[in-house]
Amino acid sequence: MEQFIINGDTPLFGEIKISGAKNAALPILTASLLADGPVTISNVPHLHDVTTIMTLLAKMGLEFTVDEQMNIEIDPNTINDFTAPYELVKTMRASILVLGPLLARHGEACVSLPGGCAIGSRPVDLHIEGMKALGADITVDNGYIHASVKGRLHGATINLEKITVTGTENLMMAATLAKGTTVLKNAAKEPEVIDLANFLNTLGADIRGAGTHTITIHGVDRLTGGQYRVLPDRIEAGTYLAAAALTRGRVKVKGIGPDLMDSILCKLADTGAHISSNCGWVELDMQGNRPKAVDINTAPYPAFPTDMQAQFVALNALAEGTSTVIENVFENRFMHIQEMQRMGANIKLEGNTAICTGVDSLNGAPVMATDLRASAGLVIASLMAKGETVVDRIYHIDRGYECIEEKLSMLGAKIQRINNKNIKS
Ligand code: EPU
């Protein structure tokens with residue numbers, strides 16, 4: 001079982017390059033199933049979740065070539081199996097994203113239901129209801145979604161009851177090859193949804209309105225092969241900038257502009273950080289000052305992202321003043337708080353609200369990562385803690401942060417990955 005050993009109390013200084021966005025790369029890789037020729041995707045981050053989606057596509061018979069820069073060429077025509085098995089879906093819920101493409105292009109799909117998750121119950125009812133509205137026959141049996149359609153899916157107007165990112169993506173993909181026009185109302189506006197729509201349009205789809213709450217998809221007969229570069233990861237960038245603010249340092253993230261990160265940068269500016277940017281980089285400078293506490297209210301884009309909540313709880317734990325952090329998207333996304341309390345944080349949890357009173361210092365302790373962003377919160381809290389912190393179960397962080405210890409080391413952090421064979425979990 002791998003762990004991080006972090007010796008804290010060191011400000012971060014320097015520059016790092018931001019990787020491609022995990023939550024754009026995953027749907028784009030599954031969308032390649034819709035094409036009738038080879039697709040080449042670049043700027044794909046080297047992450048555990050990307051390996052899982054490629055394992056799933058390979059299991060379906062797809063052939064790949066991957067070069068050393070993670071440019072992935074996929075041939076979707078070698079598919080011979082339309083099943084996403086439980087063994088893979090249980091390790092990564094985003095596997096549900098094969099449902100729409102398989103149905104639209106091959107008329108059938110058998111996808112395991114994802115089941116529960118560390119951060120909330122996360123049902124996929126809106127994906128299923130939406131596919132039914134597009135004409136799919138769906139039964140749920142023995143933990144699997146069995147979906148089929150005779151001929152093509154047909155266009156429909158779908159009013160999504162809740163804003164869902166992968167739900168919007170799944171239905172958008174399915175609708176690209178449907179007969180007629182689909183209108184997705186109350187659609188997610190996340191930049192990753194726009195990136196997927198841009199990719200599909202590159203292959204010949206006709207999608208308009210991505211980035212607004214109403215997406216209109218005129219179905220086309222086929223999608224061709226093509227090439228696409230995945231957009232940069234705004235959550236990775238936000239995590240390093242939050243770490244810079246928390247450690248009172250100065251960090252420049254390169255390969256990303258400020259426009260994808262408005263709500264995150266506004267909150268960082270409220271901590272007292274000096275932020276400068278152009279279209280290819282963002283720099284945060286704390287000028288050695290302690291950050292001020294900031295209130296957070298998570299909600300779908302363009303509001304403050306739930307995927308940055310744990311990192312801002314870490315920041316608030318050491319900031320000057322008291323803040324409230326309200327988690328509105330997932331009902332159980334506060335597992336990092338108990339671990340931070342063990343490091344000396346003064347945080348009270350009341351329902352979906354964390355009340356953080358900043359302390360002067362945290363102390364290193366053994367802590368356990370419970371999910372991807374909780375791990376990121378614990379790692380950045382450890383960077384400013386006194387003494388040594390051992391972060392266990394870091395396989396969670398490898399799902400979403402490419403080369404995190406290399407990048408943090410380049411910024412001056414004292415972080416080391418060890419493989420402790422005696423620890424079982
Ligand atoms: N929801 C339903 N029914 C559905 C779908 C969603 O009730 O059929 C609910 C969820 O339970 C949740 C809310 O709607 O309360 C929003 O969930 P959403 O569907 O938007 O989440 P997701 O698509 O499963 C993606 C990201 C998450 C990110 C959320 C919110 C990917 C692969 N995952 O998940 O990323 O937190 O959107 O922005 O895009 C992460 O990267 O750490 C991560 C968890």
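Just so you know, ligand 1 is whichever comes first in the structure, and atom 1 is the first atom listed for that ligand. Note that the structure is predicted; figures quoted are calculated from it, not measured.
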Euclidean distance, Ile404 CD1 relative to Tyr240 OH, rounded to 0.5 Å
4.0 Å
Reported CG-to-CG distance for the pair Leu62 and Leu56, which is rounded to 0.5 angstrom
9.5 Å
Exercise: identify the closest heavy-atom pair between Pro76 and Ala35
CG-O, 3.4 Å
Looking only at non-hydrogen atoms, find the nearest pair between Glu339 and Met368 and report the distance.
OE1-N, 2.7 Å
What do you reckon, is NE2 of His48 surrounded by more than 12 foreign heavy atoms closer than 6.0 Å?
no
Any idea which residues sit under 4.0 Å from ligand 1, heavy-atom distances?
Lys22, Asn23, Ala94, Arg122, Pro123, Val124, Asp125, Leu126, His127, Lys162, Ile163, Thr164, Val165, Thr166, Thr306, Asp307, Val329, Phe330, Arg333, Leu372, Arg373
Could you tell me which residues satisfy side chain to side chain contact (heavy atoms under 4.5 Å, CB included) with Thr65, sequence neighbours excluded, listed by chain and number?
Glu73
